[in-house]
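Data block below; observations after.
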Amino acid sequence: MVLGLKDIFKEYTDKNPKVYKELAAQIGEIRDLKKLVDVIAANLLLTYVQRQELLEEVNLMRRYDMLVSRIIHEVQVQNIKEEIQTKVRQRVDKNQREYILREEIKLIREELGDDSTVSDADEFEQAVERLKAPEEVKQKLAKEIKRFRNIMNSPSETGVIRTYIETMLEMPWDKQCKEHKDISYAKKVLDEDHYGLEKVKERILEFMAVRALTKKGDSPILCLAGPPGTGKTSIAKSLARALKRPYVRISLGGVRDEAEIRGHRKTYVGAMPGRIADAVRSAKVKNPLMLLDEIDKVSNDYKGDTFSALLEVLDSEQNKKFRDHYLEVPLDLSEVLFVTTANTLQTIPRPLLDRMEVIEVSSYTENEKLHIAMEHLIPKQMERHGLKKKQFSVSKKAVWKIARSYTKEAGVRQLERKLADICRKAAKEIFEKKKTNVHITERNVHQYLGKELYIYQMANETDEVGIVRGLAWTSVGGDTLQIEVNIMPGEGEILLTGQLGDVMKESARTGISYIRSVGKAYKISEDFFKEHDVHIHIPEGAVPKDGPSAGITMATAILSAVTGKKVRADVAMTGEITLRGRVLPIGGLKEKLLAAKSAGIKTVIVPKENMLDIEEISSEITKGLAIIPASNMDEVLKAALVKSKKQRTAQE
Ligand code: ADP
């Protein structure tokens, strides 16, 4: 028992350095259990109550038990205490270590002159305070800045958040510019920038007046529709100048991913705001004029619905809270003035078209092109190429020749490019050969532009059988196209060549059926189509052609070939044909008439129902053209076929 007690006490003294060291030696000597128990009890670190308990126990055995269990208890308490202490110390040590390390990094960064992260977060916070924005935006920013601070040690993540915060701070949430409402100023600006386009300018001024009167933005969205190069983009730019609003342009041509409009979520690698949000950011105000260029060229694919995103952008009910995936907070687009452009309205979905007010911009006549070139394009290009008035001039006839022989278009874009070519070459001559001035005339144009690119297919000289000139409408304006028909002995086959589209093939068949049905009147024998093949060809076979408007042209050519009657060479025609020989109206009349005129045609046959359109076309185009309305094939043929001598004398 003595030995046991001594062992336990040793353990106790080891844990309690406060107990005298000398005591150990003293105790080692003691052999008597009673004395040992008493000495140890007296030297334990106990409370008075505990000491009293020991003192009151008279029985040695029980006092021994009591003492031993007391010491064991104390040792255990001591053990637990130590355990906890080590754990706490370990944890404190780790925190301490990190703190010190972080401080060191900061110091190293400072030494390297790269203390950006910490100060950036501070700067961001100050910027948010200065930012004029809805509360929602500010809260979102505060949250992101906090995250930015917390993940300071991971550069890849800070990069993403930094870009996000910077983008958010750059958005013009509540910043706007004052709108200019002076209509006479606007008129001046529009006239300054563009020649002609009277109707378009008038519509724009009306639009401005309504906006000024109704005070608020709920005005319809303008859609400028017309062939390329007719000044749609540039008139939108002028409108921005007239309203003194910043101008931003988004090209929608070929956009087919919804994310391009609406942005990617920022968890996506390399995420960015969509084009709309980005345009607002670059405008730096929330009410810019935003041009959505080529809205007809947007397409849908599997990556979500581009059109519905655009609908949301253009709908005044919804665009107050436009959702961009990247920004995550709603963006107010209701103050933006949207203007869209399109080459054709056919590919724009109905709901989108319903939200827009269409202003048609049509192709230019040669006279208009001349004016535009002389008054706008040439001065603009001269300035761009550093040419002074004394050094460079272009004659009217030269411009006319460039427009005719070097370009083929509805607008003036190619013309502008050709003029730029000439300016560049002139600049070189003046600089290199020390010429004092360069004058461009009809005769020396080819020295600058090379040989003529387009030779107008002029009207045929003589009247012929089976050849009729039709009028077509293409994306670059109008054109004439010759239709040739040959009849040869065969088995009633119908051959169609020249890359005709389905619609055209069908109207060729309709034409033949019509002629067969009225064969008697033209003295065509009943077996004629059984014993002959009909071959219809449209030259320039490499160019695909389609559309219903060549119907009457083909029918006339077939009839001429079958009956051997000649067709007048100076006549051109356009119109859709029905099975019963009725003539239906067609589109693009202005462009077609322009083309007919350029080709030297004197008489044009058009569907009767199109006569209302003719009234709207300026007299500059219709002057010198005999326009014959036709409501059925009889009238067409009467005008197109060369009259026999007998008929002529009868008429006279
Ligand atoms: P679009 O957008 O219709 O395809 P642009 O606006 O790009 O055509 O016009 C092409 C060029 O022709 C521009 O440089 C423009 O300034 C010029 N232009 C077009 N129409 C006119 C006009 N009526 N008056 C002056 N310049 C014009």
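Predicted model, so just to flag it, every value in this text is computed and none were measured.
Summarising the local packing, CD of Glu383 is surrounded by 12 or fewer heavy atoms from other residues, nucleotides or ligands at distances under 6.0 Å. Residue Gln447 qualifies as enclosed at atom CD: its count of foreign heavy atoms under 6.0 Å is above 12. Within a 6.0 Å radius of CG in Asp354, other residues, nucleotides and ligands contribute more than 12 heavy atoms.
The closest side-chain heavy-atom distance from Ile536 to Leu495 is not below 4.5 Å. Two residues are said to be in side-chain contact when any heavy atoms from C-beta on lie closer than 4.5 Å; Phe338 and Val313 meet this criterion. Residues Leu559 and Val485 form no side-chain contact, since every pair of their non-hydrogen atoms from C-beta on lies 4.5 Å or further apart. By the 4.5 Å heavy-atom criterion applied to side chains, Thr574 and Thr553 are not counted as neighbours. Two residues are said to be in side-chain contact when any heavy atoms from C-beta on lie closer than 4.5 Å; Arg469 and Leu481 fail this criterion. Using a 4.5 Å cut-off on side-chain heavy atoms (C-beta onward), Leu291 and Thr340 make no contact. Contact check for Val562 versus Phe529: side-chain heavy atoms found under the 4.5 Å cut-off.
Listed for the Glu591 side chain is a donor-acceptor partner under 3.5 Å among the backbone atoms of Ser363. Formation of a donor-acceptor pair under 3.5 Å by the Thr230 side chain with backbone atoms of Gly226 is not found in this model. Looking only at distances, no side-chain donor or acceptor of Glu531 sits under 3.5 Å from a matching main-chain atom of Phe528. Looking only at distances, no side-chain donor or acceptor of Asp533 sits under 3.5 Å from a matching main-chain atom of Met488. A donor-acceptor pair under 3.5 Å links the side-chain atoms of Arg404 to the main chain of Ser598, judged by distance alone. Within the 3.5 Å criterion, the main-chain N or O of Thr441 finds a donor-acceptor partner in the side chain of Asn444. At distances below 3.5 Å, not a single donor-acceptor pair connects side-chain atoms of Asn486 with backbone N or O atoms of Gly466. A donor-acceptor distance shorter than 3.5 angstrom exists from the side chain of Lys201 to the backbone of Gly196, with no hydrogens or angles considered. Formation of a donor-acceptor pair under 3.5 Å by the Ser393 side chain with backbone atoms of Lys389 is not found in this model. Between the side chain of Lys418 and the backbone N or O of Arg413, no donor-acceptor pair lies under 3.5 Å.
Contact detail for Tyr406 and Lys451: the closest heavy-atom pair is CE2-O, 3.4 Å. The two residues Val189 and Ser238 make their nearest non-hydrogen contact at CG1-O, 3.7 Å. Closest heavy-atom contact between Ile295 and Leu352: CD1-CD2, 4.1 Å. Contact record, Ile552 with Thr556: O-OG1, 2.6 Å, taken as the closest heavy-atom pair. A pairwise comparison of heavy atoms in Ala595 and Thr480 identifies O-CG2, 3.8 Å as the closest pair. When all heavy atoms of Ala569 and Ile601 are compared, the closest pair comes out as O-CD1, 4.4 Å.
For the residue pair Glu258 and Thr306, no side-chain donor N or O sits within less than 3.5 Å of a side-chain acceptor on the partner. No side-chain donor-acceptor contact under 3.5 Å links Lys565 and Ser560. Between the side chains of Lys592 and Ser549, at least one donor-acceptor pair of N or O atoms lies under 3.5 Å. Asp293 and Ser251 share no donor-acceptor pair across their side chains, judged by distance under 3.5 Å alone.
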| When you look at Glu366 and Lys597, which way does the salt bridge (Lys or Arg N to Asp or Glu O under 4.0 Å) test go after all the steps? | CA-CA 10 Å; Glu366 265 165 14; Lys597 213 171 166 186; over 6 Å; no
When you look at Arg443 and Lys397, which way does the side chain to side chain contact (heavy atoms under 4.5 Å, CB included) test go after all the steps?
CA-CA 9 Å; Arg443 248 171 283 138; Lys397 281 204 173 141; over 6 Å; no
As a quick check of understanding, evaluate side-chain hydrogen bond (donor to acceptor under 3.5 Å, both in side chains) for Lys297 and Asn343, giving each step before the final call. CA-CA 9 Å; Lys297 307 240 166 26; Asn343 287 146; 2.8 Å; yes
task: Report the C-alpha distance between Cys223 and Thr341 in whole Å, list the side-chain angles of each, state the deciding distance to 0.1 Å, and finish with yes or no for side chain to side chain contact (heavy atoms under 4.5 Å, CB included).
output: CA-CA 5 Å; Cys223 173; Thr341 77; over 6 Å; no
Exercise for review: Check step by step if side chain to side chain contact (heavy atoms under 4.5 Å, CB included) holds for Met573 and Thr603.
Suggested key: CA-CA 8 Å; Met573 59 182 75; Thr603 308; over 6 Å; no
Determine whether Leu190 and Leu205 satisfy the following criterion, side chain to side chain contact (heavy atoms under 4.5 Å, CB included), listing intermediate values before the conclusion. CA-CA 9 Å; Leu190 292 178; Leu205 293 178; 4.1 Å; yes
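In this structure, His537 and His535 have perpendicular ring planes: the angle between them is above 60°, well past the 30° mark.
The distance from the CG atom of Leu243 to the CZ atom of Phe207 is 8.0 Å, given to the nearest 0.5 Å. Taking CG of Leu377 as the reference point, atom CD of Gln381 lies at 7.5 Å (rounded to 0.5 Å). Atom CD of Glu409 and atom CD of Glu416 lie 9.5 Å apart (nearest 0.5 Å). Expressed to the nearest 0.5 Å, how far CG of Leu252 lies from CD of Glu260 amounts to 9.0 Å. To the nearest 0.5 Å, the span separating CD1 on Ile402 from OH on Tyr448 amounts to 11.0 Å. To the nearest 0.5 Å, atom NE2 of residue His532 and atom CD1 of residue Ile487 are 7.5 Å apart.
The side-chain hydrogen bond (donor to acceptor under 3.5 Å, both in side chains) search around Lys566 returns none, not counting sequence neighbours. The side-chain contact (heavy atoms from CB on, under 4.5 Å) check on Arg424 picks up His385, Asp421, with sequence neighbours excluded.
Using a 4.0 Å cut-off between charged nitrogen and carboxylate oxygen, Asp463 and Arg568 do not count as a salt-bridge pair. Between Lys590 and Glu616, no side-chain nitrogen of the basic residue sits less than 4.0 Å from a carboxylate oxygen of the acidic one, so the salt-bridge criterion is not met. Residues Arg203 and Glu206 are paired through a salt bridge, judged by an N-O separation under 4.0 Å between the basic side chain and the carboxylate. Residues Lys408 and Asp479 are paired through a salt bridge, judged by an N-O separation under 4.0 Å between the basic side chain and the carboxylate. Under a 4.0 Å N-O distance rule, the pair Glu192/Arg241 qualifies as a salt bridge.
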Would you mind writing out the side-chain donor-acceptor pairs for residues 575-589 within the sub-3.5 Å range, not counting sequence neighbours?
{"unit_1": "Thr578", "atom_1": "OG1", "unit_2": "Arg580", "atom_2": "N", "d": "3.3"}
{"unit_1": "Thr578", "atom_1": "OG1", "unit_2": "Gly581", "atom_2": "N", "d": "3.4"}
{"unit_1": "Thr578", "atom_1": "OG1", "unit_2": "Arg582", "atom_2": "N", "d": "3.0"}

